[in-house]
Amino acid sequence: MPKDLPTAAQAWEDITFFSIDTNLIQAAGYNFTQGALHQLPNQLPESIGLQLPEIVVSEIVKHRMESVHKAHKLLQGAADELHRLTTIDVSEVRDSVEKLNTIEAASQQFTQQIHDYATQCRGAVLPTAGVDAVASLFADYFAQRPPFGLSEKKKSEFPDAMCLWQLDQYANDNDTIGIIASDDKGWKQYAAESDTLYCAGSIDELATLFAATNEHAESIKMKIAAAVKDAGSPLGTALADALNQHIADAQWDAWDVHTGSAYRVEPEVYDANVVEYSIDGDISVWSAKGAPTTWIVELTVRVKANVDLSVEFFAWDSIDKEELSLGAEEFATEEEVDVEVFLTCSDVHLETEPSDWDTDIEIAKGSYSLEGFEVELDYGPPDYE
């Protein structure tokens with residue numbers, strides 16, 4: 001198999017399945033109802049389905065359960081601490097926590113979400129049970145063939161090796177070709193030596209392979225590009241409103257904010273708004289299957305946001321061995337982020353304008369990190385009295 005990605009013609013004619021590595025699903029926030037993962041089954045041909053190794057499912061559930069276990073432990077700990085401080089009987093709280101059965105319920109919910117997503121993508125989860133890959137995997141392991149490398153942590157690469165072996169086997173058993181989406185070096189190296197697998201470096205790169213490129217699609221693309229770049233158009237106004245809402249609702253990590261004049265600081269973002277934005281790169285369009293007047297549009301928007309945060313300063317009392325709050329200050333900073341926007345345009349006709357189309361704008365919930373900067377507490381004017 002060539003190391004490069006297939007041409008558009010090869011992708012449409014040869015590929016019948018795709019798969020996604022855990023890292024890209026994690027990067028998409030495990031969000032199967034918004035954004036890139038949600039739009040993927042609409043962007044790919046109906047002849048291509050998702051084949052997801054069960055190991056990927058297990059890895060996703062394991063990652064998501066880490067936060068659940070942490071929250072469950074905090075909930076139990078809070079009840080115990082309340083009893084310790086007050087001697088109040090908290091047995092009802094403990095019993096209620098146990099009755100929730102949150103650990104098992106969350107695990108089942110996360111697992112079902114992935115199976116439902118595979119079905120939505122016209123595919124299925126490839127079970128590990130009954131798979132005989134031991135001899136092949138160990139041969140690759142000792143020969144240091146991809147995805148095994150020279151790292152001393154080759155044991156951690158066994159899950160990847162099992163996933164790739166399964167996908168290769170699926171392609172061979174069905175006399176077909178697949179494409180895997182991963183930014184993992186081992187997966188890319190494996191695909192480069194495989195006769196049945198291509199590798200795309202991202203979900204977006206995978207979807208772009210199947211973007212419409214004919215004359216009709218180009219005309220649609222030009223109309224949409226002009227409309228979203230015109231802030232005064234109905235579509236441009238709707239986009240601006242959606243971006244403002246997205247930035248305001250996003251999660252902002254401000255933990256790189258630091259100080260040189262206090263023991264530590266605790267920053268908290270309380271507001272964010274759009275200063276300006278621009279459409280970055282090309283716009284891609286896909287014709288919705290079975291609906292010739294419905295189009296899926298993807299664009300990347302570079303947003304400059306103003307972020308307001310409150311920073312509480314703390315000192316360390318070495319005598320009482322505890323922290324003391326020195327007060328809080330408010331600060332503002334600007335941050336640039338890339339926002340992935342999807343439009344679903346219905347009732348699209350070349351003789352009409354985008355303002356006449358029925359357009360839905362979808363932006364997945366965002367999570368961004370502020371670039372670190374130094375803050376200082378304003379102690380006010382010195383008191384010389």
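- Minimum heavy-atom separation, Val125 to Pro53: CG1-C, 4.4 Å.
- For Ala225, the side-chain contact (heavy atoms from CB on, under 4.5 Å) criterion is met by Ile283, not counting sequence neighbours.
- The backbone N or O of Asn244 sits nowhere less than 3.5 Å from a side-chain atom of His246 that would complete a donor-acceptor pair.
- For residues 58-69, every residue pair satisfying the salt bridge (Lys or Arg N to Asp or Glu O under 4.0 Å) rule, not counting sequence neighbours, is listed here: Lys62-Glu66.
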Original post:
Yes or no on side chain to side chain donor-acceptor pair (under 3.5 Å) for Asn31 and Thr33, after CA distance, side-chain angles and deciding distance?
Top reply: CA-CA 6 Å; Asn31 196 338; Thr33 59; 3.1 Å; yes
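- Shown here is Glu92, whose CD atom has no more than 12 heavy atoms of other residues, nucleotides or ligands within 6.0 Å.
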**OP:** Start with the C-alpha distance between His349 and Asp347, add both sets of side-chain angles, then the distance that settles side chain to side chain donor-acceptor pair (under 3.5 Å), and finish with yes or no.
**Re:** CA-CA 7 Å; His349 302 277; Asp347 198 24; 3.1 Å; yes
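- The side-chain heavy atoms of Glu218 and Val285, taken from C-beta on, include no pair separated by under 4.5 Å.
- Proximity of a side-chain donor or acceptor of Ser107 to a complementary backbone N or O of Ile103 within less than 3.5 Å is not detected.
- Judged by distance alone, the side chain of Asp21 and the main-chain N or O of Leu24 form no donor-acceptor pair under 3.5 Å.
- Classified by interplanar angle (parallel below 30°, tilted 30° to 60°, perpendicular above 60°), the ring pair Phe331/Phe313 is tilted.
- A tilted orientation is assigned to the rings of Tyr117 and Phe32, their planes being inclined by 30° to 60°.
- In terms of modelled atom types and a separation under 3.5 Å, the side chain of Glu374 and the main chain of His258 share no donor-acceptor contact.
- Between Lys188 and Asp183 no salt bridge is recorded (no basic side-chain N to carboxylate O distance below 4.0 Å).
- No chain of hydrophobic side-chain contacts below 4.5 Å, direct or via other Ile, Leu, Val, Met, Phe, Trp or Tyr residues, connects Leu324 to Val375.
- Shortest non-hydrogen contact noted between Ala191 and Ile180 is CB-CD1, 4.3 Å.
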Original post:
So Asp116 and Gln112, side chain to side chain donor-acceptor pair (under 3.5 Å) or not? Walk me through it.
Top reply: CA-CA 6 Å; Asp116 290 346; Gln112 189 60 50; 2.8 Å; yes
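- Applying side chain to side chain contact (heavy atoms under 4.5 Å, CB included) to Trp357 and the options Thr294, Thr344, Ile224, Leu343 leaves one that passes, Ile224.
- Remark: side-chain polar atoms of Ser233 are paired, donor with acceptor, to backbone N or O of Ala227 under 3.5 angstrom.
- Between Ile60 and Val56, some side-chain heavy-atom pair lies under the 4.5 Å cut-off.
- More than 12 heavy-atom neighbours from other residues, nucleotides or ligands sit within 6.0 angstrom of CG on Asn214.
- Between Leu197 and Ile179 the shortest side-chain heavy-atom distance does not fall below 4.5 Å.
- Between Ser287 and Ala212, the closest heavy-atom pair is N-CB, 4.5 Å.
- Leu206 approaches Phe210 most closely through the heavy-atom pair O-CD1, 3.5 Å.
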Original post:
Taking it one step at a time, do Met65 and Val68 satisfy side-chain contact (heavy atoms from CB on, under 4.5 Å)?
Top reply: CA-CA 5 Å; Met65 286 301 296; Val68 175; 4.0 Å; yes
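- Within the 3.5 Å criterion, the main-chain N or O of Asp168 finds a donor-acceptor partner in the side chain of Asn172.
- When atom types are taken as modelled, the side chain of Thr119 and the backbone of His115 share a donor-acceptor pair closer than 3.5 angstrom.
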**OP:** Check the pair Tyr190, Asp160 against side chain to side chain donor-acceptor pair (under 3.5 Å), reporting the backbone distance first and the verdict last.
**Re:** CA-CA 10 Å; Tyr190 185 94; Asp160 286 344; over 6 Å; no
**OP:** Check the pair Val339 / Thr300 against side-chain contact (heavy atoms from CB on, under 4.5 Å), numbers first and verdict last.
**Re:** CA-CA 6 Å; Val339 179; Thr300 300; over 6 Å; no
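- Cluster note: Leu85 groups with no other residue, as no ILVMFWY side-chain heavy atom lies under 4.5 Å from it.
- No side-chain heavy atom of Glu340 sits less than 4.5 Å from a side-chain heavy atom of Ile363.
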Can you list, pair by pair, the side-chain donor-acceptor contacts under 3.5 Å of residues 266-276, counting residues two or more places apart and other chains?
| residue | atom | partner | partner atom | Å |
| --- | --- | --- | --- | --- |
| Glu266 | OE1 | Arg264 | NH1 | 3.4 |
| Glu266 | OE1 | Arg264 | NH2 | 3.2 |
| Tyr270 | OH | Glu330 | OE1 | 3.2 |

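- Of the N and O atoms on the side chains of Ser202 and Asp204, not one donor lies less than 3.5 Å from an acceptor on the other residue.
- Between the side chains of Tyr170 and Gln166, not a single donor N or O lies within less than 3.5 Å of an accepting N or O.
- Taking the six-membered ring where tryptophan is involved, the planes of Trp252 and Tyr368 are tilted, since the angle between them lies from 30° to 60°.
- The hydrophobic clustering, which links ILVMFWY residues whose side-chain heavy atoms are closer than 4.5 Å, places Ile279 and Phe342 apart.
- Around the NZ atom of Lys185, the shell of radius 6.0 Å holds no more than 12 heavy atoms that belong to other residues, nucleotides or ligands.
- A donor-acceptor contact closer than 3.5 angstrom links the side chains of Glu98 and Gln76.
- Heavy atoms from other residues, nucleotides or ligands lying under 6.0 Å from CD of Glu104 number 12 at most.
- Gln120 is listed as a side-chain neighbour of His38, based on a closest heavy-atom distance under 4.5 Å.
- Hydrophobic clustering (ILVMFWY, side-chain heavy atoms < 4.5 Å, transitive): Ile88 and Val93 are in distinct clusters.
- Panel note: side chain Gln10, backbone Thr7; a donor-acceptor pair is recorded below 3.5 Å.
- Remark: Glu371 CD is loosely packed, at most 12 non-hydrogen atoms of other residues, nucleotides or ligands lying under 6.0 Å away.
- A distance-only check finds a donor-acceptor pair linking the side chain of Asp317 to the backbone of Ile319 [under 3.5 Å].
- Qualifying side-chain contact (heavy atoms from CB on, under 4.5 Å) partners for Ser325, counting only residues two or more places apart in sequence or in other chains: Glu312, Phe314.
- Leu299 and Met222 fall into different hydrophobic clusters, where Ile, Leu, Val, Met, Phe, Trp and Tyr side chains are chained together by heavy-atom contacts under 4.5 Å.
- Using a 4.5 Å cut-off on side-chain heavy atoms (C-beta onward), Thr16 and Ile177 make no contact.
- Follow the hydrophobic side-chain contacts under 4.5 Å out from Val228 and you reach Val341 in the same cluster.
- No side-chain N or O of Trp286 forms a donor-acceptor pair with one of Asn42 less than 3.5 Å apart.
- In this structure, the side chain of Lys223 engages the main chain of Thr352 through a donor-acceptor pair within 3.5 Å.
- Closest of all the heavy-atom pairs between Leu167 and Gln51 is CD2-O, 3.6 Å.
- Across every non-hydrogen atom of Asp184 and Asn23, the tightest pair is N-ND2, 3.7 Å.
- Using a 4.5 Å heavy-atom threshold, the side chains of Asp256 and Ser369 count as separate.
- For Glu46 and Arg122, the salt-bridge test fails: no basic side-chain N is under 4.0 Å from an acidic carboxylate O.
- Here the side chains of Leu209 and Glu205 are not in contact, with every heavy-atom distance at 4.5 Å or above.
- Other members of the cluster containing Trp316 are Tyr263, with ILVMFWY side chains joined at under 4.5 Å, either directly or via other members.
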